Each structure stands twice: as C-alpha cells, then as structure tokens.
Amino acid sequence: MDSPSLDKPFARAPWFDLFLAGVSLATLLTLCTYTLGLSTLPLAVGGLLYLALALILITGLALSRSHFGPADRVTLSRAVLVLFLTSLTFHPDILQRMAWPYALLCLAALVMDGFDGYVARRTDTASRFGARFDMELDAFFILMLCIAVMVLGKAGAWVLVIGLVRYGFVMAGWHWSWLNDPLPDSFRRKTLCVWQLVTLMLALLPVTPEWFAHATLILALVLLAGSFATDVQYLHRRYRLTRSLK
C-alpha cells in the first residue's frame with residue numbers, strides 16, 4: 001500500500017475554511033470580551049481549543065484520506081459555535097446573566113447538528129471522516145454542557161459522568177481492542193444523544209427547578225449507562241463468536 005506522503009496533511013487541509021472559522025471565533029470572543037467586560041481568559045481558552053481542533057482536523061483528513069466536503073463545513077461552523085460557548089463556560093456570572101441567550105445558542109448548535117447530515121445526503125458527500133467529526137463534536141458539546149450545569153450549581157460534579165462516559169469507552173478500547181469494532185447504526189443512540197443535549201440545556205435555564213433538573217439528568221445518566229452496556233454486550237458477543245470461528 002502507498003504510505004501517505006509528507007505533504008498529504010497540508011494538501012488535504014481546508015486552509016481557507018479553517019481561516020474563516022478562526023476569524024469568526026476570534027471576532028465573537030473579542031466582541032464578548034469588550035461588551036461584557038470579560039478578562040482575556042475566554043480568548044486564550046478559545047484560541048487553544050481552536051488550535052487543537054485544527055490539528056485534529058488536518059490529521060484526521062490525512063489519515064482517512066478524505067476530502068473536506070460541504071457537510072464538513074457545516075460541522076466546522078457548528079464547532080465554532082460550540083468552542084465559543086465553551087470559552088464562556090467558566091464565567092458563572094456571565095452564565096447567570098446570559099442564561100437565555102446562552103441556551104438559545106446551544107439550541108442553534110443542536111439544530112445545526114441535524115443540518116450537516118442533511119447536507120451530506122443531498123450532496124452525496126457522506127464520509128466516515130465526516131461522521132466521526134460530527135460524533136466527536138457531539139461528545140465534546142455534551143461534556144461542555146455538563147461543565148456549564150455544574151458551574152451554575154444546577155448539579156454536582158456527578159453530572160460530568162454524562163459527558164465522560166464516551167471518553168471512558170474510548171480509553172477502555174485501548175486495552176480491549178474489540179471495543180473498537182464498528183457498531184451498526186442505531187436510532188437508540190441518536191435519540192439518546194439528542195435527549196442528553198436537550199436535558200442539559202433545560203437544566204441551564206433559570207426557570208428550571210433544581211429538582212426537575214436533577215431528575216431529568218439522573219434519568220439521562222441511567223439511559224446512557226444502559227445504552228453503553230447494550231453496545232458493550234453486542235461487541236463482546238460478536239468478539240466471542242469471531243474467536244470461536246477461528
């Protein structure tokens with residue numbers, strides 16, 4: 001097989017899209033810094049997160065030998081919004097004062113999550129890279145919302161488990177390689193992802209009672225644990241079957 005050449009990462013990188021996305025994020029954070037009287041922390045956090053995102057994108061495109069398509073551009077636009085929200089997450093006073101705009105921007109990011117799949121189907125540009133990019137952004141978005149809920153005091157540190165389960169599953173795959181096997185498409189998984197996002201966004205709203213936020217978040221965690229247990233059971237059963245056939 002041909003090994004990727006050294007210039008492949010640079011040849012496949014969507015430099016113009018990355019430039020526009022970086023400028024958009026910097027503009028949003030700069031405006032917030034001056035209009036809301038924030039420190040430079042959001043700018044620093046946003047810059048570091050964006051550099052990490054750009055590096056991951058360039059590396060992912062090179063390793064998968066994929067091309068950056070229209071649906072990926074939608075996902076990148078959503079990533080800018082998610083990174084912007086993440087950069088404001090560690091300011092409890094801002095989250096309290098801007099709870100409704102913050103929640104509406106989270107809702108916009110959720111709506112865009114469905115739009116990139118629509119674009120991929122309409123343009124016939126769906127790819128494994130695009131699907132993975134979208135999935136990992138969802139996982140990061142959920143973790144970010146968990147942190148925001150905790151920072152606002154709507155739930156304790158336990159709420160972070162909702163956002164960390166996915167990463168725990170990935171790390172477990174480093175030890176048990178059969179966990180890395182592909183899973184079939186699942187309506188259950190997609191529905192649960194939306195349920196987690198909606199539940200976390202509702203918990204952020206000032207009008208949501210603390211008891212209701214706790215109840216729905218606990219339910220989301222229970223459903224998430226059950227979903228991962230189902231997937232692990234499926235992968236282990238297939239692994240044992242494959243070994244028995246050898």
Side-chain angles (χ1 to χ4, degrees), residues 13-58 60 68 70-117 119 130 132-152 154 159-160 162-164 166-167 193-194 196-206:
W15 295 113
F16 184 67
D17 295 289
L18 288 172
F19 172 75
L20 285 181
V23 169
S24 300
L25 179 60
T27 301
L28 287 172
L29 289 173
T30 301
L31 287 173
C32 279
T33 298
Y34 286 103
T35 57
L36 300 178
L38 303 179
S39 65
T40 56
L41 178 62
L43 274 170
V45 172
L48 289 174
L49 288 174
Y50 186 73
L51 285 176
L53 171 65
L55 180 61
I56 291 171
L57 272 179
I58 293 170
F68 200 75
D72 299 320
R73 291 187 178 88
V74 176
T75 308
L76 180 59
S77 300
R78 183 163 64 97
V80 168
L81 183 53
V82 170
L83 293 186
F84 169 68
L85 293 168
T86 303
S87 301
L88 301 178
T89 298
F90 300 97
H91 284 267
D93 55 331
I94 296 300
L95 291 182
Q96 290 171 351
R97 281 193 293 153
M98 309 291 291
W100 283 103
Y102 188 90
L104 288 174
L105 287 176
C106 288
L107 179 60
L110 177 60
V111 172
M112 290 174 69
D113 186 21
F115 187 59
D116 53 9
V119 171
R132 185 64 181 266
F133 182 23
D134 181 62
M135 180 178 65
E136 295 301 339
L137 182 59
D138 285 342
F140 181 79
F141 188 24
I142 290 171
L143 178 58
M144 181 273 291
L145 288 174
C146 290
I147 295 173
V149 169
M150 183 186 69
V151 169
L152 279 175
K154 288 294 189 79
V159 75
L160 296 178
I162 295 176
L164 292 173
R166 155 71 183 163
Y167 296 102
C193 179
V194 174
Q196 290 176 80
L197 289 168
V198 172
T199 300
L200 288 163
M201 283 188 284
L202 286 175
L204 289 173
L205 296 177

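Note that the numbering runs from 1 along the sequence shown for the chain. Owing to the predicted nature of the structure, the values given are computational and were not obtained by experimental measurement.
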Below 3.5 Å, can you tabulate the donor-acceptor pairs from side chains in residues 25-37 to any protein atom, sequence neighbours excluded?
unit_1	atom_1	unit_2	atom_2	d
Thr27	OG1	Val23	O	2.7
Thr30	OG1	Ala26	O	2.7
Thr33	OG1	Leu29	O	2.7
Thr35	OG1	Leu31	O	2.6

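- For the pair Tyr167 and Ala139, the tightest heavy-atom approach, listed with the atom from each and the gap, is OH-C, 3.7 Å.
- Gly130 approaches Asp72 most closely through the heavy-atom pair CA-OD1, 3.3 Å.
- Distance OG/Ser24 to CG/Leu76: 9.0 Å, rounded to 0.5 Å.
- Taking every heavy atom of both residues into account, Arg78 and Asp116 meet most closely at NH2-OD2, 3.8 Å.
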Side chain to side chain contact (heavy atoms under 4.5 Å, CB included) evaluation trace for Lys154 with Leu204 | CA-CA 7 Å; Lys154 288 294 189 79; Leu204 289 173; 6.0 Å; no

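- The structure places CG of Leu95 at 4.5 Å from CG of Leu152, a figure rounded to the nearest 0.5 Å.
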Please walk me through it: do Phe140 and Leu83 pass side chain to side chain contact (heavy atoms under 4.5 Å, CB included)?
-> CA-CA 9 Å; Phe140 181 79; Leu83 293 186; 3.9 Å; yes

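- The structure places CE of Met98 at 13.0 Å from NE2 of His91, a figure rounded to the nearest 0.5 Å.
- Considering all non-hydrogen atoms of both residues, Ala109 and Val82 come closest at CB-CG2, 4.3 Å.
- To the nearest 0.5 Å, atom CD1 of residue Ile56 and atom CG of residue Leu51 are 11.0 Å apart.
- Within 6.0 Å of CZ on Arg132 lie no more than 12 heavy atoms contributed by other residues, nucleotides or ligands.
- Leu164 contributes atom CG, which lies 7.5 Å from atom SG of Cys146 (distance to the nearest 0.5 angstrom).
- Shown here is Phe19, whose CZ atom has no more than 12 heavy atoms of other residues, nucleotides or ligands within 6.0 Å.
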Check the pair Thr75, Asp134 against side chain to side chain donor-acceptor pair (under 3.5 Å), reporting the backbone distance first and the verdict last.
-> CA-CA 6 Å; Thr75 308; Asp134 181 62; 4.5 Å; no

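- Gln196 pairs in a side chain to side chain contact (heavy atoms under 4.5 Å, CB included) with only one of the listed residues (Ile142, Asp138, Leu145), which is Ile142.
- Shortest non-hydrogen contact noted between Phe141 and Leu110 is CE2-N, 4.3 Å.
- The CG atom of Leu53 sits 11.5 Å away from the CD atom of Glu136 when rounded to the nearest 0.5 Å.
- Annotation: side chain of Ile58 is not in contact with side chain of Phe68 (no heavy-atom distance under 4.5 Å).
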Table please: side-chain donor-acceptor pairs of residues 99-107 below 3.5 Å, with sequence neighbours left out.
unit_1	atom_1	unit_2	atom_2	d
Tyr102	OH	Leu85	O	3.4
Tyr102	OH	Thr89	OG1	3.1

